[in-house]
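When a ligand or atom number is given, it counts from 1 through the structure's own listing order. Being a predicted model, the structure only gives us computed values, none of them experimental.
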Amino acid sequence: MPPAVLLGIFIVRIVKKFGGTSVADIDRIRNVAEKVKRAVDEGHEVAVVVSAMSGVTNQLVEYCDDTSPIYDAREYDVVVSAGEQITAGLTAMMLQSMGVTARSWLGWQIPIETSAVHGAARIEEIKTKELLKRMAKGEVPVVPGFQGVVPGTKRITTLGRGGSDTSAVALAAALKADQCDIYTDVTGVYTCDPRIVTKARKLDKITYEEMLEMASLGAKVLQTRSVALAMKEHVRTQVLSSFEDVPGTLVVDEEEIVEQEVVSGIAYSKDDAKVTVSGIADRPGISAAIFGPLADAAINVDMIVQNVSREGLTDMTFTVPRGEINRSLKVIEGQKASIDYKSLSSDPNVVKISVIGVGMRSHAGVASRMFRTLAEKGINIQVISTSEIKVSVLIASEYTELALRALHTAYGLDAA
Ligand code: ADP
Ligand code: ASP
Ligand code: MG
């Protein structure tokens with residue numbers, strides 16, 4: 001009988017995911033294996049998901065970029081998924097050397113079945129029968145994150161950058177695990193990126209909804225899709241440090257949070273660029289003339305503002321993903337005849353800053369405080385967008401740090 005049962009503790013099935021810095025070299029993989037062994041020795045059933053060693057995926061992406069400006073996305077996936085294969089094998093080896101029964105399970109071997117959207121595939125199904133059978137006997141499967149396979153074509157896919165978080169949550173859901181632990185290089189989810197705002201506070205708990213907004217608005221600590229999945233499948237998810245043995249942050253339902261702050265976090269993203277179409281007629285159909293062709297080209301427009309018109313002419317400013325800037329300009333130029341603009345310009349030196357909190361639903365004044373705080377620092381707001389639980393502004397990227405710190409203080413988020 002496992003020791004946990006003897007002690008009267010329930011056996012818990014846990015998925016433990018380790019990010020790039022946590023498996024960055026052999027010493028760190030040893031540290032990971034020790035953590036896993038501890039949980040196994042306590043009698044728990046453990047499945048491990050690993051990222052590539054930090055920096056490796058970037059290097060692999062660079063190899064692809066250097067090989068060809070337009071490459072076959074299926075071959076891209078073959079290349080960039082390779083980093084995780086290495087760490088999965090090494091982690092399994094390390095566990096074995098510590099006397100833990102372990103083996104690696106590549107995405108196609110389980111299989112982790114995904115859609116065929118190479119580079120940004122979605123997990124559709126994970127077949128868990130064999131894993132569950134082995135885990136019940138004390139074996140630890142070590143699964144490379146980020147990768148899957150298309151059932152029809154048998155080709156390898158990847159899940160988009162940061163996708164190992166999603167692998168872990170999806171595996172936890174499929175295994176009906178009691179918990180999914182996401183180990184990283186910070187001790188949890190903070191009120192703002194702790195690498196920029198040193199006064200950021202670690203949150204003991206955050207709601208799925210707020211975490212989803214934080215992630216989609218730029219907080220890279222969890223991949224957005226992993227949070228959406230955790231919310232949908234009710235996966236109890238914890239973000240914690242691989243290096244410090246302290247409690248992390250639990251992502252929970254709203255009811256579990258006793259004292260709700262109005263603003264619980266601030267995020268930033270430099271993933272977008274600004275486009276301005278100037279001197280256009282302020283007439284019905286002008287927005288459709290601009291945004292229709294962009295949508296047809298599958299370009300995701302985020303923030304939009306139209307200026308007050310003067311003498312029937314107006315400007316339209318909006319943001320597109322930074323990597324799509326040239327394609328966006330080409331699409332607009334291609335519509336010159338129907339849009340009939342005077343000039344077209346773009347600016348990649350912008351940052352989107354967002355304040356997030358479910359408490360905003362019942363409190364007024366969050367947006368005005370944001371605008372006032374930025375005004376006091378002399379920071380010009382270029383575009384604004386809001387939703388039920390967030391306010392976002394677009395500003396010049398040179399003010400990122402100043403704005404984040406000022407807002408963090410203004411909303412009373414600074415650590416004591
Ligand atoms: P991993 O390689 O473990 O997946 P990531 O680099 O993807 O780690 O995510 C962890 C990083 O997320 C942290 O180092 C931190 O700089 C960044 N981050 C951004 N916003 C936040 C936040 N609100 N709380 C914690 N970390 C954040
Ligand atoms: N290695 C992949 C990346 O860097 C996936 C991950 O680490 O989550 O994007
Ligand atoms: Mg990550």
> Can you list the atoms of ligand 1 that are under 4.0 Å from a heavy atom of Met214?
Replying inline: 23 (N)
> Gly83 near ligand 2, heavy-atom distance under 4.0 Å?
Replying inline: no
> So is there a nitrogen or oxygen of Gly162 less than 3.5 Å from a nitrogen or oxygen in ligand 2?
Replying inline: yes
> Does atom CG of Asp296 have more than 12 heavy-atom neighbours from other groups under 6.0 Å away?
Replying inline: yes
> Would you say Arg361's side chain and Glu388's backbone share a donor-acceptor pair under 3.5 angstrom?
Replying inline: no
> Can you list the ligand 2 atoms lying under 4.0 Å from a non-hydrogen atom of Arg161?
Replying inline: 3 (C), 4 (O), 9 (O)
> Are the side chain of Asn349 and the backbone N or O of Ser397 linked by a donor-acceptor pair below 3.5 Å?
Replying inline: no
> Counting heavy atoms only, which part of Pro194 comes closer than 4.0 Å to ligand 1: side chain, backbone, both or neither?
Replying inline: side chain
>> At less than 4.0 angstrom from any non-hydrogen atom of Asp185, what atoms of ligand 1 do you find?
In response: 10 (C), 11 (C), 13 (C), 14 (O)
> At a 4.0 Å threshold, what atoms of ligand 2 neighbour a non-hydrogen atom of Ser51?
Replying inline: 6 (C), 7 (O), 8 (O)
> Taking the side chain as C-beta and beyond, is there a heavy-atom pair between Ile112 and Trp105 under 4.5 Å?
Replying inline: no
> Pick from Met231, Lys232, Glu233: which one makes a side-chain contact (heavy atoms from CB on, under 4.5 Å) with Val235?
Replying inline: Glu233
> Are a donor atom and an acceptor atom from the side chains of Tyr183 and Lys16 found within less than 3.5 Å of each other?
Replying inline: yes
> With a 4.0 Å heavy-atom cut-off (strictly under), which part of Glu84 contacts ligand 2: side chain, backbone, both or neither?
Replying inline: side chain
>> Whether the side chain of Arg225 engages the backbone of Gly163 through a donor-acceptor N/O pair (distance < 3.5 Å, no angle test) should be reported.
In response: no
> What residue and heavy atom of the protein are closest to atom 23 (N) of ligand 1, and at what distance?
Replying inline: Tyr190 O, 3.0 Å
> Are Lys352 and Asp271 within salt-bridge range, i.e. N to O under 4.0 Å?
Replying inline: no
> Does Lys199 NZ have over 12 foreign heavy atoms under 6.0 Å away?
Replying inline: no
> So, are Glu213 and Lys390 salt-bridged, with charged N and O less than 4.0 Å apart?
Replying inline: no
>> Taking a cutoff of less than 4.0 Å between a non-hydrogen atom of the residue and any ligand atom, is Cys192 in contact with ligand 1?
In response: yes
> Where on Lys17 is there a heavy atom closer than 4.0 Å to ligand 1, on the side chain, on the backbone, on both, or on neither?
Replying inline: side chain
>> So that I can tick it off, tell me whether Arg30 and Asp27 are bridged by a salt bridge, with the cut-off set at under 4.0 angstrom between side-chain N and carboxylate O.
In response: yes
> What residue and atom, counting heavy atoms only, is the protein's closest point to atom 2 (O) of ligand 1, and at what distance?
Replying inline: Gly20 N, 3.2 Å
> So between Ile356, Val239, Thr249, Val221, whose heavy atom ends up nearest atom 12 (O) of ligand 1?
Replying inline: Val221
> Counting each atom of ligand 1 from 1 as listed, which ones have a heavy atom of Val189 under 4.0 Å away?
Replying inline: 24 (N)
> Just which atoms of ligand 1 are under 4.0 Å from any heavy atom in Gly188?
Replying inline: 24 (N), 25 (C)
> Nearest to atom 15 (C) of ligand 1, what protein heavy atom do you find, and at what distance?
Replying inline: Asp193 OD1, 3.4 Å
> Under 3.5 Å, side chain of Arg369 to main-chain N/O of Ala410, donor-acceptor pair present?
Replying inline: yes
> Which residue owns the protein heavy atom closest to atom 6 (C) of ligand 2, what's the atom, and how far is it?
Replying inline: Ser164 OG, 3.4 Å
>> I'd like to know if Gly163 contacts ligand 2, where contact means a heavy-atom distance under 4.0 Å to any ligand atom.
In response: yes
> Can you find an N/O atom of Thr184 closer than 3.5 Å to an N/O atom of ligand 1?
Replying inline: yes
> Within 4.0 Å of atom 26 (N) of ligand 1 (strictly less), any protein heavy atom?
Replying inline: yes
>> Students should be able to answer this: which protein heavy-atom is nearest to atom 5 (P) of ligand 1, and at what distance?
In response: Lys220 O, 4.1 Å
> Just checking, any donor-acceptor pair under 3.5 angstrom between side chains of Asp77 and Thr158?
Replying inline: yes
